[in-house]
Amino acid sequence: MTNSFTQIKNLANFKDKEATIAGWLYNSRSSGKIQFLIIRDGTGLCQCIAEKGKVPDELFEELRHLGQESSLTVTGAVRKDERSVGGYELAVSGAEIIHTTTDYPITPKSHGIDFLLKHRHLHLRSQRQWCIGKIRHTVIDAIRRFFNDNGFILIDTPIFTAMAGEDTQTLFGVDYFGEPLHLTQTGQLHLESAAMSFGKVYCFGPTFRAEKSKTRRHLTEFWMVEPEVAFIDLDGLLELAENFVSFIVAQVLQKNKSELEALGADTATLSKIRPPFYRLTYTEAVEILAGERTKEFLAKQLEELKGQKEQTEKRIAGLEEEQKGQIKQWKREKNAAELIELRTELDEVNVRIENNPKHAKLAAGFQWGKDLGGSDETIISQMHDKPVFVTHYPKAAKAFYMKTDRGNEKVVLNFDLLAPAGFGEIIGGSVREDNHNLLVERIKDQGLNIENYTWYLDLRKYGSVPHGGFGLGVERTVAWVTGERHIRQCIAFPRLMDRVYI
RNA sequence: UCCCCGAUAGCUCAAUUGGUAGAGCGAGCGGCUGUUAACCGCUAGGUUGUAGGUUCGAGCCCUACUCGGGGAGCCA
């Protein structure tokens, strides 16, 4: 059935010829003798023009009353027209209605996030989600392509696992025939053993974390890709990570230009994402955070926000004044719509103004030894126009498996990659401790049961080599690239803390 | 777990100091031959999240609860 219909993305090939498309009614406008039907078919949007006299009267009336998201096929001549959404439109000669829809809940006007999440199964049809879904597909395709083309072997690591990468408090427990297991939070430990067989490996799958985090950066179930490489040092890992991320961004720019534009993403800044990325050590980052530069940066940001607030308030007051007077009806309605927008904007600015001094205080009081907080990462990230590596974190704040810097025992050979313009961490990685006895010490130091790690320690007994890897969060990457502020929009069916609709 | 904010028509939001609950969209009907979230006219649509309290009078004030949003810790 599918094969006999023309896909909307291919309409250009049918210029001045007849085509039949099959899809759903996305939106329609009628002007008495002429109707504009916007059809979506999963590959794009197409405006179909139905003119009275050129289609049977009965069909014309039927189309005029057709509800949003009704399914149908439309036949007509394909012609180029600048005024049309995709550049091409269909002059309708016939149509077959497959299913009539009434009262589709998601209208072309604005909706709140709660309503949209409750209707996620339908929301996936809307343009914004469709664009994000296409870009996510490209990101995942680019991830696999990059590793497959660079000599990495795919290893599927288990989802049921007894191993804990970090601490067990953030894991989802599972009753495995009476045995307590949990859902994986990383494939890394298993992957290390595979790296000793294949050299360069990666795993890619869902990951589960029971962190009680209610922020725009967190999901309890998300997708993560983790490469692991034998015979590599920290510099090698950074180089791998920057080439990898640059490749993903380049692929999205190449394949999803129109989707990026539809989403309002910053393609100019994205096209500058090329190696080398900025490199900071943790110690340098702390100096920046606690220093004058951050103080000035945040103070300037606060001034800008206050200015923005003042302007928005002025505009709101002006509009409110105008609404009190005698004005045309259409102007009154337009003002009301603008007021709603401005009030939302004002709310956001107020939250940022409220947070700014808190973040400034956290940054100024930052003590060497603590892990970087979310707001600290945001500040560093906002100061840069390209991704930033932060390396060499304090050993005490990090996981047991990270390799101690032999030149400075207080830090480990690890790194985070912060996406620019405030998006924050998208990668975390490290060189792994490869000395058997040092690793035993670290396991004991952190109060972990050494018996659980005998196989992991074996890797350091039989031909131990320097090795390392990292994990990249798919949804965070998609959010950064698309400019979407919340990662829940970057996966089809998000799992949030206390919130699973379907 | 902690801090801040919110809940009014199917949806997005108004409602002055506590004084008769309104608008747009959506739905239905009608009009309009090039619309871009089209436009114009008419119609229907409400126990203001729940329970209690203050008051002559509560959408608005107070208390508790439920649900949601934003942020913190932690992290990809």
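Each chain gets a letter, A, B and so on, in the order its sequence line appears, and its residues count up from 1. All heavy atoms count here, side chains included; hydrogens, waters and symmetry mates do not.
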Margin query: Return whichever of A/Lys118 or A/Glu425 has its heavy-atom-nearest nucleotide of RNA chain B closer to the 5' end.
Written below: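 Closer to the 5' end of RNA chain B: A/Lys118.
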Next item on the list: Select from A/Gln68 and A/Met224 the residue whose nearest nucleotide in RNA chain B is closer to the 5' end of that strand.
Entry: A/Gln68
Any strand counts, and the cut-off is 3.5 Å on both contacts for Watson-Crick or G-U wobble. Which nucleotide pairs with [N]?
| N | value |
| --- | --- |
| B/C42 | B/G28 |
| B/A72 | B/U1 |
| B/U66 | B/A7 |
| B/A23 | B/U12 |

Using a heavy-atom cut-off of under 4.0 Å over every strand shown, decide if [X] touches base, sugar-phosphate, or nothing.
| X | value |
| --- | --- |
| A/Glu226 | nothing |
| A/Ser30 | base |
| A/Ile426 | sugar-phosphate |
| A/Arg79 | base |
| A/Arg488 | sugar-phosphate |
| A/Ser31 | base |
| A/Gly373 | sugar-phosphate |
| A/Glu377 | base |
| A/Gln47 | base |
| A/Ile106 | nothing |

Give a yes/no on whether any side-chain N or O of [X] is located under 4.0 angstrom from OP1 or OP2 of [N].
| X | N | answer |
| --- | --- | --- |
| A/Asn27 | B/A38 | yes |
| A/Arg29 | B/U35 | no |
| A/His65 | B/C29 | yes |

How many whole angstroms separate atom [atom1] of [X] from atom [atom2] of [N]?
| X | N | atom1 | atom2 | result |
| --- | --- | --- | --- | --- |
| A/His119 | B/U12 | NE2 | C1' | 14 Å |
| A/Arg216 | B/C74 | CZ | P | 18 Å |
| A/His218 | B/G71 | NE2 | P | 11 Å |
| A/Lys214 | B/C2 | NZ | P | 12 Å |
| A/Asp114 | B/G6 | CG | C1' | 11 Å |
| A/Arg83 | B/U33 | CZ | C1' | 11 Å |
| A/Ile38 | B/U35 | CD1 | P | 13 Å |
| A/His359 | B/G73 | NE2 | C1' | 12 Å |

Distance check, [atom1] atoms only: [N] and [M], in whole angstrom units.
| N | M | atom1 | value |
| --- | --- | --- | --- |
| B/C2 | B/U55 | C1' | 36 Å |
| B/U50 | B/U66 | C1' | 7 Å |
| B/A58 | B/U48 | C1' | 11 Å |
| B/A15 | B/C40 | P | 24 Å |
| B/U17 | B/C62 | P | 15 Å |
| B/C5 | B/U47 | P | 29 Å |
| B/A23 | B/G45 | C1' | 14 Å |
| B/C60 | B/A9 | P | 15 Å |

Note to self: Taking the cut-offs as 6.0 angstrom to the six-membered ring centre and 45 degrees off its axis, would you call A/Lys386 and A/Phe277 a cation-pi pair?
What the structure shows: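 Output no; distance or angle outside limits.
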Notebook entry, point to check: So, is the end of the A/Lys370 side chain (NZ or CZ) under 6.0 Å from the ring centre of A/Phe366 and within 45° of the ring's axis?
Noted result: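 Checked: cation-pi criterion met.
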Margin query: What I want to check is whether the side chains of A/Arg432 and A/Ser430 have a donor and an acceptor closer together than 3.5 Å.
Written below: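 Yes, side-chain donor-acceptor contact under 3.5 Å.
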Next item on the list: For the residue pair A/Tyr401 and A/Gln188, confirm or rule out a side-chain donor-acceptor distance under 3.5 Å.
Entry: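 Yes, A/Gln188 and A/Tyr401 have a side-chain donor paired with an acceptor closer than 3.5 Å.
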Check: So, do A/Phe152 and A/Phe146 have ring centers that fall under 6.0 Å from each other?
Finding: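 Between A/Phe146 and A/Phe152, which both carry aromatic rings, the centre distance is not below 6.0 Å.
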Next item on the list: Could you tell me whether A/Asp81 and A/Arg79 have a side-chain N and a carboxylate O separated by less than 4.0 Å?
Entry: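 No, no charged N to carboxylate O under 4.0 Å.
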Next item on the list: Check whether any side-chain N or O of A/Ser30 sits under 3.5 Å from a backbone N or O of A/Arg64 as a donor-acceptor pair, and report yes or no.
Entry: no
Item checked: Heavy-atom side-chain contact between A/Ile143 and A/Leu472 under 4.5 Å -> yes
Checklist line | A/Phe36 side-chain proximity, nearest of B/U33, B/A76, B/U35 | finding: B/U35
Check: Which of these nucleotides, B/A76, B/G26, B/C32, is closest to any side-chain atom of A/Pro108?
Finding: B/G26
Margin query: Tell me if the side-chain of A/Glu51 makes a donor-acceptor pair with the base of B/G34, cut-off 3.5 Å, by modelled atom types.
Written below: no
Notebook entry, point to check: Under 5.5 Å between ring centres and under 30° between planes: true for A/Phe222 and the base of B/A76?
Noted result: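 So A/Phe222 counts as stacking on the base.
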